[in-house]
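First the proteins, then the strands, lettered A, B, ... as listed; each starts at 1. Below, each value reflects all heavy atoms present in this structure, side chains not excepted, and no hydrogens, waters or symmetry copies.
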Amino acid sequence: MNIRNQLAANDGRRRLKNQIMCAFLFLAAIVAIAPLVSVFVYVVQRGYQAMSWDFFTQLPAAVGSSGGGMANAITGTMVLVALASLIGVPVGICGGLYLSEFGANSKIASTLRFGVDILASVPSIIVGLFAYAVVVMPMKRPSALAGGFALAILMIPTVARTSEALLKLVPVHIREAGLALGIPRWKVIIFIVLRGSMGAIITGIMLGIARAAGETAPLLLTAAGSQHWSHGLDQPIASLPVQIYTFAISPYDEWQKQAWAGAFVLVLFVFVLNIGTRLIIKRPTIAKD
Amino acid sequence: MGAQELEQSSLLIPEVKSRKKRRDVHAGDRRFFWTLRAVALLILAVLIAIAVQLFLVSLPAIRHFGVGFVFSTDWNPVRNRFGAAAFVYGTVVSSVLAIAIAFPISLGVALFLNELAPRRLASAVGFLVEMLAAIPSVVYGLWGLFVVAPWLRTVFEPMMIRYFGFIPLFQGPPYGVGMFTAGVVLAIMITPTISAISREIFRAVPLSHREAALALGATRWETIRLGVLNSSRLGILGAVILGLGRALGETMAVTMVIGNRKDIALSLFAPAQTMASLLANEYAEASDDLHLSALATVGFLLFLVSFLINSLARFLVWRVESRQKEGAPR
Amino acid sequence: MAQTSIILQTKRVNAYFGKVHAIQDVSLEFRSNTVTAMIGPSGCGKSTFIRTLNRMHEEVPGARVEGEVLLDGSNIYQPGVDPVSIRRRIGMVFQKANPFPSLSIFDNVAAGLKLAGFQRRTVLQEVVERSLRQAALWDEVKDKLKAPGTSLSGGQQQRLCIARALAVSPPVLLMDEPTSALDPISTAKIEELVMELKNEVTIVIVTHNMQQAARISDHTAFFLMGEMVECDLTSRIFTKPRDSRTENYITGRFG
């Protein structure tokens, strides 16, 4: 068997290649998280420098004068997200419920699942175009309503898919137990399955809100922006992301500083929501065997 | 048909004493089922409405310019001449650039986390990578504009121009904002997508394939190549295509770092424009009908491409996952 | 039987999964060109034990091994020994056939050689044919070497895996319940194969099937709850075992 002796001939090279490739994989992991660290450090550092009490209570300052804040943008984002949730949450949850409870093997359900996936991947600017045509054009001006409508569409797939995935974790025997008592199926679903997995529903909503709160492109077209307090839901409204964008691309140093402060608040909000959902999922609110 | 599914998907409702009551039970269930289904189908309706609406608005421009729309680089709202070639080029090049950068990194992270890292480290690093996906686009734009672009302009681009300037792609002045910067920022944004899906694919590869390689005397890397990568090529392709879909439609970050110039420059360091960033810049200000219609056509094209790409990717990932499931009952 | 030399030997091997002590102080000898069967009730540690012989056990997260395993007199657990070189010399066949799904029959068998850097087509062809013949699969697949390995039947796939292991000419071959997922006919083929192969390799086989051990092995070791109760000539184990626990097991009183 001369082959047996030759097998070890390349061992050194193979070991070296193994080490190089493993080092590359490790390096890739570092390179991948480096931007996160960089974004986080810059946002925290520059954002904190520009942060003050005024940021949360004042309107944006005029060009040239320092100070000012994004109070209108922060409340604007809250209003927009609330409007979006009003439509997006119920529709999303119904979608998730339908898919998890009745979506086992039907064609309609798998088409729907596909549709939800596609909707989730439609570029957000396209959703903005749609909302522009459906709400802004008839009303003849950008408005909080139009912005909320666009954000709702973006929110729906996130809420639907998250709640579907987590509702499916509810063990079958819990449903069986309810049904065996002679309780109608819809009551079982609403009072046992749904209530037993509030964590799942809240997770879906939080992720949906996190997505909606950071969206900028559709709001440029639908809610526009504003340097003032909103005068009503049918009027243009300021929002944190649009304000960040406007200030970031402006040539004024003061405004750019404010943009970092805005980014700080936005990132903090989104991170808190994301980390919060993780804690909910990890904690066994969902009954296990 | 709905009732039939209701029966199939549910566990049979137990016999109830009186017939009348039993019918009531079914009626309640049926109402519930149809309500849910109606609301759920609303989601599909929205998707269809988006497509139809975009198409209708873009009809005038399609009629006016025909296929030439995507080949002409002349975009002039003042003279009412519209051609989208520059934006199609910008979208394609910036996305391909993003994939070229993100692909090896994402795959590397996914393999590191699934195959090499101890479990605790893997879940910590995995969490961080997922957080990358949570950062809003506008924040990436801000960071790209004030951190990445200056660095590229002062350090990286001059270096590339100096050493690789003989290649036309790396000629011209270093702008900082431009196609290359957009590609870099996009790459960072799609890394979580590609790595998350790749991890799913790798997780679906049965342990027995890795053991087969190890038992043959494969090194760790050879085990990854032979036991993991070999059987997940289709799935990885799906993950990359999904990342591509995300890159094509990304708007804010690109708008902020690409420089928004409406023609084609050979140099990667020169400013450019993508379809999505064009829409963000001009749509709210367009007043002329043909201008609006031309923009809608760009939107419709973007929608169509992202629809096709995402369908293809879903199909690939779905096929791989279902094949793994039936092929490997461990 | 005692005339052949000892090729593989364990000295007080202990194996752990985290805090679970799965194998306790197992010392065994394996002689060249023999078949040794590991029997015992499920969960007794026999599979874990053979995975310590080619350093596969340590691939499980949290698993570790203590003690010595001597291959041709040198300890495979000595610091500085590369497990890769050990696994090349001690081949392994698993419970469930696991051909590489995207490789052809040919490439599956040639995989070990290609890893080692063999590229010459003629050499590969020669070795692939020899290995497939050794695994009694050549006649069935010689016309479709380019077909995917997974296109074969279950029994053929298992023999393909045997051929793949044999291609790198290991002096020792470990088989972890290789027939437990197969039908009786495929099982008979593999058993026949094992008896022929022992002229060239030393075989250690784990089996849950006592008749199989009786049919094909020269020596049998009986495992119970992580301990090796006794090891002897197969004929003696099945006729007059020294330990009452072995007797209880083979007469079917438990397990």
* For C:Arg164, is it the side chain, the backbone, both, or neither that has a heavy atom closer than 4.5 Å to a heavy atom of chain B? -> both
* Answer yes or no: does atom OH of B:Tyr163 have more than 12 heavy-atom neighbours from other residues, nucleotides or ligands under 6.0 Å? => no
* Asked: For the residue pair B:His209 and C:Pro101, what are the closest heavy atoms and their distance?
  -> CE1-CG, 3.3 Å
* Structure fact -> All heavy atoms of B:Glu211 vs all of C:Phe94, minimum pair found to be OE1-CE2, 3.4 Å
* **Interatomic distance, B:Leu214 atom CG to C:Met92 atom CE [nearest 0.5 angstrom]** => 11.0 Å
* Do you know which two heavy atoms are closest between C:Ala111 and B:Leu216, and how far apart they sit? -> CB-CD1, 3.9 Å
* Asked: Can you name the closest pair of heavy atoms from C:Leu115 and B:Ala218 and give their distance?
  -> CD1-CB, 3.6 Å
* Asked: What are the two closest non-hydrogen atoms of B:Thr219 and C:Val84, and how far apart are they?
  -> CA-CG2, 3.8 Å
* Give the minimum heavy-atom separation between C:Asn98 and B:Ala212, together with the two atoms involved. => ND2-CB, 3.4 Å
* To do: Under 4.5 Å, heavy atom to heavy atom: which of residues 56-65 of chain C reach chain B? Give them by number, or say none.
  => C:Met56, C:Glu59, C:Pro61
* Around B:Arg220, counting heavy atoms of other residues, nucleotides and ligands shown, do more than 12 lie under 6.0 Å from its CZ? -> no
* Electrostatic pair C:Lys114-B:Glu222, nearest N-O below 4.0 angstrom -> no
* Taking atom CZ of B:Phe127 as the centre, report whether more than 12 heavy atoms of other residues, nucleotides or ligands fall under 6.0 Å from it. => yes
* Structure fact -> Checked C:Leu174, C:Leu103, C:Asp82, C:Asn54 vs chain B; the most non-hydrogen pairs under 4.5 Å come from C:Leu103
* Going through the distances and angles, do C:Phe100 and B:Leu226 end up as a side chain to side chain contact (heavy atoms under 4.5 Å, CB included)? -> CA-CA 8 Å; C:Phe100 298 118; B:Leu226 204 58; 3.5 Å; yes
* Interatomic spacing from CG in B:Leu234 to OG in C:Ser102 - rounded to 0.5 Å -> 10.0 Å
* To do: Check whether B:Arg210 gets within reach of chain C through its side chain, its backbone, both or neither, counting any heavy atom under 4.5 Å.
  => neither
